[in-house]
Amino acid sequence: MPRGVKKENLPSKICATCEKPFTWRKVWENCWDEVQCCSDRCKNERKRKQQLANREQRAAAVEGLAPDTAAAPAPAVAVQQSPP
Ligand SMILES: [Zn+2]
């Protein structure tokens, strides 16, 4: 970031976690393209959410791989023949 850039001309992004706009900071000067969250807190929150989502996806995949247990037909009930 060159010197003398006015504050209102600084680039800004929308936080991926809290969806609030945040403005370029000096700490991000080398990694601004990769920055997605406004704060460490949001970054951690996002990571946590992603892990949760991954876990859910994996659970869903496991369920999809074993349809026999979930979609097994109800056990055939012995047909009771009425006595003659
Ligand atoms: Zn945020």
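Along the sequence shown, the residues carry numbers beginning at 1. Side chains are part of it too, since the values below use all heavy atoms of this structure and drop only hydrogens, waters and symmetry mates. Order of appearance sets the numbers: ligands from 1, and atoms from 1 within every ligand. Note that the structure is predicted; figures quoted are calculated from it, not measured.
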Can you confirm whether more than 12 heavy atoms, excluding those of Lys13, are under 6.0 Å from its NZ atom? yes
Do the side chain of Thr17 and the main chain of Cys42 share a donor and acceptor less than 3.5 angstrom apart? yes
Under 2.8 Å from the Zn ion (ligand 1), how many protein N, O or S atoms can be found? 4
I need the Cys37 SG to Lys47 NZ distance, nearest 0.5 Å. 9.5 Å
Close side-chain approach of Cys18 and Cys38, heavy atoms under 4.5 Å: yes
Do Phe22 and Leu10 sit in one hydrophobic cluster, given that two such residues count as connected whenever their side-chain heavy atoms are within less than 4.5 Å of each other, even indirectly? yes
Give the intermediate values and the outcome of side chain to side chain contact (heavy atoms under 4.5 Å, CB included) for residues Glu29 and Trp24. CA-CA 8 Å; Glu29 66 183 334; Trp24 184 91; 3.2 Å; yes
